[in-house]
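As structure tokens, the structure follows; a few thoughts come after it.
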Amino acid sequence: MDFGLTAAGLVIGFVVGLTGMGGGALMTPVLVIFFGVQPLAAVSSDLVASALMKPFGGFVHLRRGTVSLKLVAWLCAGSIPAAFSGVLILRALGSSADIEGVVKKALGVALLLAAAGLISKAYLTLVSRSRKERARSGEASGTVSGAAPGTASGAADIVIRPVPTLLVGIIGGLVVGMTSVGSGSLMIIALLLLYPAMKLGQLVGTDLVQAVPLVAAAAVGHLLFGDFRLEVAGSLLLGAIPGVVVGAHASSRAPSGIIRRALALVLFASGMKMLGVPDVPLGITLGVVVVVGPMLWMWARVRHGQPALARNGRRTKRSAAKQEASIARD
């Protein structure tokens, strides 16, 4: 039992519970970079550990009714066989050294895509919030009429697009089976593009539930044909499971936006490292991202009618709420 791995699992589980993302995208590179685990063994062990973590979030969303089970079924029809096939593809690639090299490169690309996915999701959330605030403002001033009762569509009313959904499941399943990355951060971006009318809560719930059988299928494949290491997965789970529970309870109060941005930076750095970028260019690139990134984000917030800093936005909303309460009392 490795207590360092348990501590890492605790932190990663907390991030997953807090943000709903980052399980495989954080755990696998941590195993490879900081603990010296071979890439294939890291992917195998991470998938088995994630298969026991994912049901926690999925169960919560099922109870809340924020899951489109029809969409889950179509995604799983493509992703489950594809995830298992991804393991077989790794096995058929050749010698152990060849496999490790392919997994490392594939993992680097998947991590960069995951970082881009997190940023895209944050931006789409910003756009959605701005639209809702403008709609509420218009309704309050009488310029926009409210929707008729009963017209709001829930997760069960989504019109499924079978062929594109199957393709998303197949591609996502292959990526997860080969790298353990993408069951959350990559798949949810594809769902956002395919089903823009779905609410973000429905997207997250549907993605979490479809990830349970997807990760389980990939985990079974790696148990049979991969390089699963019980001591690695067991050490991770000792920390990850309580971390997920604590993170889920803290999710309503913690500044998850800051954690998501830090997570995107970590994913970007890990992906570049996996692709063999030297330390000096990597350090310069990260420095530029740290300086320029926040300025671009503030510009995006202002462009969509939000305060440059989220803290100022929260203060403004609290002040407006107090004024409305005062007017109501008067």
Atom pair CG/CG of Leu62 and Leu69 - distance to nearest 0.5 Å = 6.5 Å

task = Decide whether Met272 and Val289 are clustered together by the hydrophobic rule: side chain heavy atoms of Ile, Leu, Val, Met, Phe, Trp, Tyr closer than 4.5 Å, transitively.
result = yes

Closest heavy-atom pair and its distance - Pro162, Ile160 = CD-O, 3.3 Å

query = Would Met198 and Thr206 satisfy side chain to side chain contact (heavy atoms under 4.5 Å, CB included), going step by step from the backbone distance to the final call?
reply = CA-CA 10 Å; Met198 285 183 71; Thr206 301; 3.9 Å; yes

Residue pair Ile80 / Pro213: nearest heavy atoms and the distance that separates them = CD1-CB, 3.7 Å

ask   = Would Met27 and Phe34 show up in the same hydrophobic cluster when neighbours are defined by side-chain heavy atoms closer than 4.5 Å?
value = yes

Residues which pass side-chain hydrogen bond (donor to acceptor under 3.5 Å, both in side chains) with Ser120, listed by chain and number, not counting sequence neighbours = none

message = To check you understand the geometry: which heavy-atom pair defines the closest contact between Ala82 and Ile170, and what is its length?
response = CB-O, 3.2 Å

query = Who pairs with Tyr123 by side-chain contact (heavy atoms from CB on, under 4.5 Å), at least two apart in sequence or on another chain?
reply = Val127, Trp297, Ala300, Arg303, His304

ask   = Side chain of Arg301, backbone of Pro307: donor and acceptor closer than 3.5 Å?
value = yes

ask   = Does the pair Thr165 and Leu194 meet the rule for a side chain to side chain contact (heavy atoms under 4.5 Å, CB included), with working shown?
value = CA-CA 8 Å; Thr165 304; Leu194 274 180; 4.2 Å; yes

inquiry  = Looking at every non-hydrogen atom in both residues, tell me the closest pair between Arg229 and Ser45 and how far apart they are.
reply    = N-OG, 3.3 Å

inquiry  = Please report the interatomic distance CG(Leu236) to CG(Asp2), rounded to the nearest 0.5 Å.
reply    = 9.0 Å

message = Consider side-chain contact (heavy atoms from CB on, under 4.5 Å). Of Val67, Val72, Leu191, which one does Asp207 pass it with?
response = Leu191

task = List for me each residue that meets side-chain hydrogen bond (donor to acceptor under 3.5 Å, both in side chains) alongside Ser44, sequence neighbours excluded, and say none if there are none.
result = His222

inquiry  = Which heavy atom of Ala217 sits nearest to which heavy atom of Ala83, and what is that distance?
reply    = CB-CB, 4.4 Å

query = Does a side-chain heavy-atom distance below 4.5 Å link Val11 with Val30?
reply = no

ask   = Nearest 0.5 Å, what's the CG-CE distance between Leu40 and Met178?
value = 10.5 Å

key: Between Asp46 and Thr28: side-chain donor-acceptor atoms closer than 3.5 Å   = yes

message = Would you say Leu113 ends up clustered with Val175 if hydrophobic residues are merged whenever their side chains have heavy atoms under 4.5 Å apart, either directly or through other cluster members?
response = yes

key: Euclidean distance, Leu237 CG relative to Leu5 CG, rounded to 0.5 Å   = 11.0 Å

query = When clusters are formed by joining ILVMFWY residues with side-chain heavy atoms under 4.5 Å apart, either directly or through shared neighbours, do Val87 and Leu224 land in the same one?
reply = yes

query = How far apart are the C-alpha atoms of Leu47 and Val176, what are their side-chain angles, what is the distance that settles it, and do they pass the side chain to side chain contact (heavy atoms under 4.5 Å, CB included) test?
reply = CA-CA 9 Å; Leu47 279 168; Val176 172; 3.9 Å; yes

task = Locate the shortest heavy-atom distance separating Ala219 from Ala51; write the atom from each residue and the value.
result = CB-CB, 4.1 Å

message = Pair Leu286, Leu282 - check side chain to side chain contact (heavy atoms under 4.5 Å, CB included), show working.
response = CA-CA 6 Å; Leu286 290 177; Leu282 177 59; 4.2 Å; yes

Single-linkage hydrophobic cluster, 4.5 Å side-chain cutoff, Val168 and Tyr195 together = yes

ask   = Should side-chain heavy atoms under 4.5 Å link Ile, Leu, Val, Met, Phe, Trp and Tyr, which residues sit in the same cluster as Leu223?
value = Val48, Phe228, Leu230

query = Who are the side-chain contact (heavy atoms from CB on, under 4.5 Å) partners of Val290, not counting sequence neighbours?
reply = Leu265

ask   = By ring pair (Phe, Tyr, Trp, His ring centres under 6.0 Å), which residues pair with Phe35, not counting sequence neighbours?
value = none

